[in-house]
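What follows is one structure encoded as structure tokens, with my remarks underneath.
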Amino acid sequence: MSTPPPAPAAADTGFLAHAFDRAAWPPQLVRLLSAAVMVAFAVALWSQGGAWRAAAALVALDALAGLLPWRMPRTLRTGVAYWSENAIAVAVPISFVAVAATTGMPWLTRGTAWWWYAVALGVAAVLLLAGGMNFRLLVSGDLAFLVGPSTPLQARTRVATGVLAPFGEEALYRSFAVTAVGPAGLVVPLLGAAAFIARHHVGDSHWRKAPRVLAVELLAALSLLALVALSGSILPALLAHLVNNAPSVLLEHQRSQKESHG
């Protein structure tokens, strides 16, 4: 009588196997350097004491989550594994919004003169033009066809990330510029701008190595920081950030429709 083949190990079909690839550790140098920039910002926040130490811990956690050996390309993951990475990436900075609300940080809801919001729309327009997206193809739906379809779960995840992430990122990476004084008022916000760019490179970032992408990221980090510092409020930068993300959110929605009708 022949011996039946052994059943596959549970790890081969479990969540961890679909979410992570241990062969991807240690990460590439660019990911380690990006994490180091985030840690430097966390140290600077920690030195400010008070609720900023909660922000420091969250920035460090953000860096650690990005360094996990996530399986690449993302199409190799199950839906739950794909959703998990994005959920962590959004939940960590959003948590600081909750910290700011519970500790009564006044900058969380502080507004500014109406014309700063007009300036924010102008900043968003500049960032969108610098990004180079073809808006004619986006509106017609042809851009989604050229990029290719996406599964409904992946599209919903990216849409949620594009809508929710700006709230957490503005709070965690730029809010210090609202209340900072003295030498720290210049150094820490600039570290925050660098960390904002770095968090997008801690995870897999092959497509982000293009010079144009890096230039747009730098432009976004500095212009949004300037909006916060000059207006005294994170709200104009939040508006600009949301408007800048809107075309990508629409594109992801269109891609999911192409998949469902394919």
Side-chain angles (χ1 to χ4, degrees), residues 27 31-68 70 83-112 157 160-203 217 220-242 245:
R31 296 177 63 194
L32 292 173
L33 290 175
S34 298
V37 171
M38 296 176 71
V39 169
F41 178 50
V43 171
L45 287 175
W46 186 271
S47 68
Q48 303 306 307
W52 296 113
R53 291 193 169 181
L58 287 168
V59 171
L61 182 59
D62 206 12
L64 179 61
L67 284 177
L68 291 174
W70 298 102
W83 177 86
S84 298
E85 180 192 10
N86 287 274
I88 294 171
V90 172
V92 172
I94 283 288
S95 296
F96 189 55
V97 176
V99 171
T102 56
T103 57
M105 289 184 164
W107 53 260
L108 184 62
T109 56
R110 180 185 300 160
T112 186
T157 301
T161 300
V163 173
L164 295 176
F167 291 89
E169 288 178 336
E170 296 306 319
L172 189 55
Y173 288 94
R174 275 181 276 277
S175 61
F176 189 83
V178 175
T179 57
V181 294
L186 177 64
V187 175
V188 180
L190 287 176
L191 277 175
F196 171 72
I197 297 173
R199 90 175 295 253
H200 295 89
H201 292 263
V202 174
E217 288 179 341
L222 294 179
S223 59
L224 294 177
L225 175 62
L227 269 178
V228 172
L230 296 175
S231 70
S233 169
I234 67 169
L235 299 183
L238 175 60
L239 174 62
H241 201 158
L242 288 169
N245 284 11

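Keep in mind that the numbers below use all heavy atoms, side chains included, and drop hydrogens, waters and symmetry copies.
Taking every heavy atom of both residues into account, R31 and G66 meet most closely at NH2-O, 2.8 Å. Among all heavy-atom pairs drawn from A56 and A42, the shortest one is CB-O, 3.1 Å. Closest approach of A184 to F176, counting heavy atoms only: O-CE2, 3.5 Å. Scanning both residues, G111 and S233, for their nearest heavy atoms gives O-CB, 3.8 Å. Residue A51 comes nearest to T103 through the heavy atom pair CB-OG1, 4.3 Å, listed as atom of the first residue, atom of the second, then distance. The shortest heavy-atom contact between A198 and M38 is CB-CG, 4.0 Å.
At a threshold of 4.5 Å between non-hydrogen side-chain atoms, the residues L45 and V188 count as touching. Side-chain contact check for Y173 versus L225: every heavy-atom pair is 4.5 Å or farther apart. By the 4.5 Å heavy-atom criterion applied to side chains, F96 and F167 are not counted as neighbours. Looking at L224 and L238, their side chains never come closer than 4.5 Å, going by heavy atoms from C-beta outward. Looking only at side-chain heavy atoms (C-beta outward), L235 and T112 stay at 4.5 Å or farther from each other.
Checked by atom type and distance alone, the side chain of R110 never pairs as donor or acceptor with a backbone atom of M105 at under 3.5 Å. A donor-acceptor contact shorter than 3.5 Å is absent between the side chain of S175 and the backbone of L172. At least one donor-acceptor pair under 3.5 Å links the side chain of W70 to the backbone N or O of A65.
Taking the six-membered ring for Trp and the full ring otherwise, the centers of F41 and F196 sit at least 6.0 Å from each other.
Rounded to the nearest 0.5 Å, atoms CG (N86) and OG1 (T157) are 5.5 Å apart. Atom OG1 of T161 and atom CH2 of W83 lie 10.0 Å apart (nearest 0.5 Å). Annotation: the span from W52 atom CH2 to T179 atom OG1 amounts to 4.5 Å, rounded to 0.5 Å. Distance check, rounded to the nearest 0.5 Å: CG of L33 to NE2 of H201 gives 11.5 Å. Interatomic distance, CG of L227 versus CG of L222, reported as 11.5 Å (0.5 Å rounding).
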For this session: Start with the C-alpha distance between E217 and H200, add both sets of side-chain angles, then the distance that settles side-chain hydrogen bond (donor to acceptor under 3.5 Å, both in side chains), and finish with yes or no.
Result: CA-CA 9 Å; E217 288 179 341; H200 295 89; 5.1 Å; no

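Residues meeting the side-chain hydrogen bond (donor to acceptor under 3.5 Å, both in side chains) test with R199, sequence neighbours left out: D62, E169.
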